[in-house]
Amino acid sequence: KMSRRGPQEPPHLPALPVIGSLLSLRSPHPPHVHFKELQQKYGQTYSLMMGSHSVIIVNQHTHAKEVLLKKGKTFAGRPRTVTTDILTRDGKDIAFGDYSATWRFHRKIVHGALCMFGEGSASIEKIICAEAQSLCAVLSEAAAAGLALDLSPELTRAVTNVVCSLCFNSTYCRGDPEFEGMLHYSQGIVDTVAKDSLVDIFPWLQIFPNANLHLLKQCVSVRDKLLQKKYDEHKADYSDHVQRDLLDALVRAKRSAENNNTAEISAESVGLSEDHLLMTVGDIFGAGVETTTTVLKWAITYLIHYPQVQRCIQEELDSKVGGDRSPQLSDRGSLPYLEATIREVLRIRPVAPLLIPHVALSDTSIGDFAVRKGTRVIINLWSLHHDEREWRNPELFDPGRFLNSEGTGLTIPSPSYLPFGAGLRVCLGEALAKMELFLFLSWILQRFTLSVPPGHSLPSLEGKFGVVLQPVKYKVHAIYLNASMRISISV
Ligand code: HEM
Ligand code: PLO
């Protein structure tokens, strides 16, 4: 509807000087759930103050698409926060870096490097399948011994090795101390980045001893040492003739810019400093590991809650792939139920329920609402994915909603579905993540049925909110699907 009155202010939560709307934001629920509830009082799009920053919360898909797509460039900014500045050396990365020529340049290099490893070449498929194979070997061992297993570290290692191959052309073995250290620092970062919003609302709280910030700084310094080591190794045996991985692609871009200092694009001017390079790899590495692992954990958690869905996928695998060979990427088109299940997992438990905050780069509007330059915009993907007007019974886990009426093909039943975001800031790893989710889940479910150990209660479906929404820790009992399969495709 067009308003004749022209742009107006969005409904506003009560705000006090200095602390902003903090008093209205106290809730036993995580922020994405609380922001969804506040719609009842303030409407689908409303604003609030976080300290001195004006923030608009968007809870509906029409406004979300206006921000991300129609006015994508206007809303392509990112805020600077205390915690992300620590993680990214003041925004010298892609995900938390503000919109700039440097940001565009880094996105382009990474995009190109990811395409090179992408579906066109067989290499990424080979890498993922090798990791799926070792993951299934670990599950086999546990199944044979009748042991229950926390799958989290196993899934993390498999996914880490895929990203490690991509970024650094290397992998980790089970029990490698460097890998164990990585598990620890990465969880520390996920738990603290962008989470202790108090610190981000009041930068001056930094001067007080703060356990979270201390933990974050410690974890970031461990991560940075690892990144620096990989970078030094690559610099030492770099060759113009072979490009082994993403880090080689970045080093090459840096060198060619440096040798080209007559041109207007010098290495410094496009932001190819060592810091930028390290932070970009850190982003891809961090995003590559935490997101995909989290989705795999949610998928398994839901499959344990809904054994009939698990059985349906296994029947589909049995009839379309059989037991004589392992699934491959070319099977994706013939396994719609598995694809629908992956889509439903990404709907019901979005990895990034609030995306990453966007910032308006100039005065603009959302619908009829005026938005001033510098305003932060939070897209509440949780509201979009649980909107009762768009989804029947949104809390129900039902892969069938992504299938056509015959159950033979895939659909997206609502425009209110954006698991990877959209527009200029759309996820860079969508294609990679989908390949991994498909291959890991199909390999596991072709061989095993997953459940909780006998007598254990089902794991909670409530997530733990942080920079990614993670499921709780629990143990999984894996049993072989059947004896003949164990012989034919045993690992
Ligand atoms: C950004 C989702 C996997 C790299 C994002 C955003 C979402 C998202 C919602 C934020 C968009 C915005 O702020 O508007 C996911 C999901 C994944 C996944 C659901 C897994 C299923 C990956 C992987 C990689 C990756 C595997 C790396 C290879 C990135 C990067 C950004 C991003 C670099 C920042 C883009 C920018 O700010 O320009 N992702 N992601 N993601 N993702 Fe992913
Ligand atoms: C995960 C912990 C790592 O140690 C550092 C890191 C880098 C990039 C972040 C990622 C973390 C969490 C998930 C993020 C990703 C960039 C894009 C992705 C925020 C903090 C999502 C889902 O938006």
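Order of listing sets the numbers, starting from 1, for every ligand and every atom in it.
Taking every non-hydrogen atom of T292 and a distance limit under 4.0 Å, the qualifying atoms of ligand 1 come out as 26 (C). With ligand atoms numbered from 1 in the order given, ligand 2 contributes 22 (C) to contacts under 4.0 Å with heavy atoms of T291. Residue-ligand proximity, V295 to ligand 1, at heavy-atom distances under 4.0 Å covers atoms 21 (C). Residue-ligand proximity, W103 to ligand 1, at heavy-atom distances under 4.0 Å covers atoms 38 (O). Residue V190 approaches ligand 2 through these ligand atoms, each under 4.0 Å from one of its heavy atoms: 1 (C), 2 (C). Short contacts between ligand 1 and H358, defined as distances under 4.0 Å to a heavy atom of the residue, involve ligand atoms 12 (C), 13 (O), 14 (O). When each atom of ligand 1 is checked for a heavy atom of R78 under 4.0 Å away, the hits are 12 (C), 13 (O), 36 (C), 37 (O).
Looking at R347 and E395, no side-chain N of the basic residue comes within less than 4.0 Å of a carboxylate O on the acidic one, giving no salt bridge. We find that E339 and K434 are not joined by a salt bridge, their nearest charged nitrogen and carboxylate oxygen being 4.0 Å or further apart. The pair R80-D98 fails the salt-bridge criterion, with no side-chain N (NZ, NE, NH1 or NH2) lying under 4.0 Å from an Asp/Glu carboxylate O. Using a cutoff of 4.0 Å between basic side-chain nitrogens and carboxylate oxygens, K229 and E178 are scored as salt-bridged. Under 4.0 Å is where a charged nitrogen must lie from a carboxylate oxygen, and between D224 and R89 at least one such pair does. For the pair K36 and D387, the salt-bridge criterion is not met [side-chain N within less than 4.0 Å of a carboxylate O].
Contact annotation: for I189 versus ligand 2, heavy atoms closer than 4.0 Å belong to the side chain alone. Residue-level proximity to ligand 2 for V289 is absent, since no heavy atom of it falls below 4.0 angstrom. Residue-level proximity to ligand 2 for A287 is carried by backbone and side chain together, each with a heavy atom below 4.0 angstrom. Looking at I356 against ligand 2, only its side chain comes within 4.0 Å, counting heavy atoms. Of the heavy atoms in I356, both backbone and side-chain atoms come closer than 4.0 Å to ligand 1.
Looking at S414 and E390, their side chains do bring a donor and an acceptor atom within 3.5 Å of each other. Using a 3.5 Å distance cut-off with no hydrogens or angles, the side chains of S330 and Q328 do pair a donor with an acceptor.
Counting only heavy atoms of the protein, atom 7 (C) of ligand 2 lies nearest to G286 CA, 3.8 Å. In this structure, the protein non-hydrogen atom closest to atom 24 (C) of ligand 1 is G429 CA, 3.5 Å. Nearest non-hydrogen protein atom to atom 11 (C) of ligand 1 is R425 O, 3.3 Å. Closest to atom 13 (C) of ligand 2 among all protein heavy atoms lies V468 CG1, 3.7 Å. The nearest protein atom to atom 1 (C) of ligand 2, hydrogens excluded, is given as E290 CG, 3.5 Å; this is a heavy-atom distance. C427 CB, 3.7 Å is the protein heavy atom nearest to atom 8 (C) of ligand 1.
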Derivation of the side-chain contact (heavy atoms from CB on, under 4.5 Å) call for E154 and L149: CA-CA 9 Å; E154 307 302 334; L149 196 64; 4.2 Å; yes
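Proximity annotation for atom 19 (C) of ligand 1: of A95, A433, P419, P419 comes nearest, heavy atoms only. The option from R104, R349, R107 that lies nearest to atom 36 (C) of ligand 1, judged by heavy atoms, is R107. With distances taken over non-hydrogen atoms, the option nearest atom 3 (C) of ligand 1 out of L418, L354, T294, T291 is T291.
Remark: atom 15 (C) of ligand 2 lies closer than 4.0 Å to at least one protein heavy atom.
More than 12 heavy atoms of other residues, nucleotides or ligands shown are found within 6.0 angstrom of CD on E180. Within 6.0 Å of atom NZ in K235, more than 12 heavy atoms from other residues, nucleotides or ligands are found, so the atom counts as buried in its surroundings. Shown here is H305, whose NE2 atom has more than 12 heavy atoms of other residues, nucleotides or ligands within 6.0 Å.
Of the candidates N161, T160, T171, E131 forms a side-chain hydrogen bond (donor to acceptor under 3.5 Å, both in side chains) with just one, namely N161.
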